[in-house]
K.L.:
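This is the structure I have questions about; it appears just below.
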Amino acid sequence: MSSLRFLRSRCSLRLPAAMLRHYSLDASHPLLRTQGYVNGRWLPAASQFPVLDPATGEEIARVSDCGPEEAKQAVDAAYEAFHSWKRNSAKERSIVLRKWFELMMLHKEELAELITYECGKPMSESLGEVSYSASFLEWFSEEARRVYGDVVPSPAKDRKILLLKQPVGVASIITPWNFPSAMITRKVAAALAAGCTVVVKPAEDTPLSALALAELAEKAGVPPGVFNVVPCSREKTPAVGEVLCTDPLVAKISFTGSTATGKLLLKMAADTVKKASMELGGHAPFIVFDSADVDKAVSGAMASKFRNSGQTCVCSNRFLVQSGVHDAFVDKLGRAMDAELRLGHGSEPGTTQGPLINTRAAEKVVHQISDAVSRGAKVLKGGKRLDGSFMEPTLLVGVTTEMICTKEETFGPLLPVIRFNTEEEALAIANASNVGLAGYFFSQDVSQIWRVTEALEVGMVGVNEGLLSTPEAAFGGVKQSGLGLEGSKYGIDEYLEVKYMCFGGLKP
Ligand code: ADP
């Protein structure tokens, strides 16, 4: 724990004694599972891979390293189970999903501990993720019963036209490490509600949350083969990914992760013309107009930038601030960073900023900072990498569009501020990107709010809000940020196909 001691002294964490409740993860943790889960059974593999606590670099578990054979077994089991799962009534599927939701809420703290230890985020955020994750099971348990087809007026008197909705089949689900639980349920809840079965390949950094979900799925009554999990190391990922994206028994792939990996999976899925949902990278602009309430903009910026230490695909990546409020915004933001951000181990009460997922992620942020500084940007707060993968929250001003941090997704606690003069200029900068996931802006001018909302080339807009995710709303991007939607009434459509029934031969 030397790195933690270092951090405590460096960041001078001062915590009231009453808050010193420590969370721990050891082998007796009630939801710690370390084998793959296929066809309702825990599956040993020939070898294991380590799961590390990103805050300390210490090994917290060794997990079965599933290979292509286990992946194939999982696909076969899911295919077999599909034929019975889809025949359950929507209400029966709904009841199972609801039970799974309730079990997640019952085990909220234990699930949150797994998230904090494998992904590094503070417990408060991990608890938030568990609620968010469970809310997809709740939402889609309700949506399961609202899959309506259509009866369409026919041009011929002797025919009826019916449009039926049916589940697509087996779905391969490939998920990232930044929301180890929620990125699974956001897909799986919709899939199971529709009548599909799934094989989940969690990120190699964070398999424990996925395996804990399997344990609770079983307790909730999810039948064998309906929900399968094949954890694997980075080395085995391409071979497992190939099975999941090319096996003819798989009808659909759903992926959340980097744009580069998404493109690779789409190419693999093309040969068998699988359906695909892709939730890929973002490069969110955060615009503060002269008409904004600056205090609200500062709160929005803090929430949108520093959640999960800046490691979410909807985190603001580029801050565009109009000249009239620039100095006030930067000043208040700097104070808020000093007052509100505390680095530390995620299990430490009071921590708001955990480590980045690994040292590579920290190196990327350092690279973006030094590139910006070499081109004239000024560091107002932070700027340095600490022990391991901890990174100081960093505020840069004098940023220009030539700098790498305004061209690439950062995925870290770097807040670069570009000063602009006109709305047109801000929109041109915001839209000069080949991705478009989220975008945020602060304004109190109603006409400007409509103009800018319509002009931003993104799938989701936060107006005077820095946080926007919720299961009731549609999550998805435009341009190279992806394909399809998650959550909302549209999320279940990703796992359904429409079958046209022409019912003829009727006597008019
Ligand atoms: P990151 O670089 O942040 O890990 P990725 O997009 O590579 O982002 O990872 C997201 C998910 O995609 C992880 O589960 C990872 O294991 C998986 N992945 C990466 N490469 C492949 C691949 N060739 N086939 C299948 N899954 C992959």
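Source: prediction; values computed, not measured. Counting starts at 1 for both ligands and their atoms, following the listed order.
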K.L.:
For atom 19 (C) of ligand 1, what is the closest protein heavy atom, and at what distance to 0.1 Å?
P.N.:
Thr261 CG2, 3.5 Å
K.L.:
Considering all heavy atoms of both residues, which atom of Lys252 and which atom of Ala276 are nearest to each other, and what is their separation?
P.N.:
NZ-C, 3.8 Å
K.L.:
Between ligand 1 and Arg234, is the shortest N or O to N or O distance under 3.5 Å?
P.N.:
yes
K.L.:
Any idea which atoms of ligand 1 are less than 4.0 Å away from a heavy-atom of Gly257?
P.N.:
6 (O)
K.L.:
Any Lys/Arg nitrogen of Glu402 or Arg375 sitting under 4.0 Å from an Asp/Glu carboxylate oxygen of the other?
P.N.:
no
K.L.:
Pick one of side chain, backbone, both or neither for how Asp205 approaches ligand 1, counting any non-hydrogen atom pair under 4.0 Å.
P.N.:
neither
K.L.:
Could you list which atoms of ligand 1 come closer than 4.0 Å to a heavy atom of Leu264?
P.N.:
23 (N)
K.L.:
Between side-chain atoms of residues 171-183 and protein atoms elsewhere (two or more places apart, or another chain), which donor-acceptor pairs fall under 3.5 Å?
P.N.:
unit_1 : atom_1 : unit_2 : atom_2 : d
Ser172 : OG     : Leu244 : O      : 2.8
Asn178 : ND2    : Gln311 : O      : 3.1
Ser181 : OG     : Ser133 : OG     : 2.7

K.L.:
Are the side chain of Lys99 and the backbone N or O of Ala217 linked by a donor-acceptor pair below 3.5 Å?
P.N.:
no
K.L.:
For Phe411, which part has a heavy atom under 4.0 Å from ligand 1: side chain, backbone, both, or neither?
P.N.:
neither
K.L.:
When you look for heavy atoms under 4.0 Å from ligand 1, do you find them on the side chain of Leu265, its backbone, both, or neither?
P.N.:
side chain
K.L.:
Does Glu242 come within less than 4.0 Å of ligand 1, judged by its heavy atoms?
P.N.:
no
K.L.:
Determine whether any heavy atom of Phe255 lies closer than 4.0 Å to an atom of ligand 1.
P.N.:
yes
K.L.:
Examine distances only and state if a side-chain atom of Ser64 and a backbone atom of Gln48 form a donor-acceptor pair shorter than 3.5 Å.
P.N.:
no
K.L.:
Would Thr197 and Lys86 count as having a side-chain donor-acceptor pair, cut-off 3.5 Å?
P.N.:
no
K.L.:
Which residue, Glu486, Glu494, Glu279, forms the salt bridge (Lys or Arg N to Asp or Glu O under 4.0 Å) with Lys187?
P.N.:
Glu486
K.L.:
Which ligand 1 atoms, with their elements, are less than 4.0 angstrom from a heavy-atom of Gly241?
P.N.:
24 (N), 25 (C)
K.L.:
Going by the atom numbers of ligand 1, which of them fall below 4.0 Å from some non-hydrogen atom of Ser258?
P.N.:
5 (P), 6 (O), 7 (O), 8 (O)
K.L.:
Decide whether Glu118 and Ser209 meet the rule of one side-chain donor and one side-chain acceptor closer than 3.5 Å.
P.N.:
yes
K.L.:
Could you walk me through whether Val96 and Leu192 satisfy the side chain to side chain contact (heavy atoms under 4.5 Å, CB included) test, starting with their C-alpha distance in whole Å, then the side-chain angles of each, then the deciding distance to 0.1 Å, before giving a yes or no?
P.N.:
CA-CA 10 Å; Val96 172; Leu192 266 55; over 6 Å; no
K.L.:
Could you pull out the closest heavy-atom pair between Gly462 and Leu468, with the gap in Å?
P.N.:
N-CD2, 3.6 Å
K.L.:
Of the listed options (Val240, Ile174, Thr256, Thr237), which comes nearest to atom 22 (C) of ligand 1 when hydrogens are ignored and any heavy atom counts?
P.N.:
Thr237
K.L.:
Considering only non-hydrogen protein atoms, determine which one is nearest to atom 3 (O) of ligand 1 and report residue, atom name and distance to 0.1 Å.
P.N.:
Trp177 NE1, 3.1 Å
K.L.:
Please identify which atoms of ligand 1 are closer than 4.0 Å to at least one heavy atom of Thr175.
P.N.:
11 (C), 13 (C), 14 (O)
K.L.:
Which of the atoms of ligand 1 are close to Glu204, meaning less than 4.0 Å from one of its heavy atoms?
P.N.:
15 (C), 16 (O)
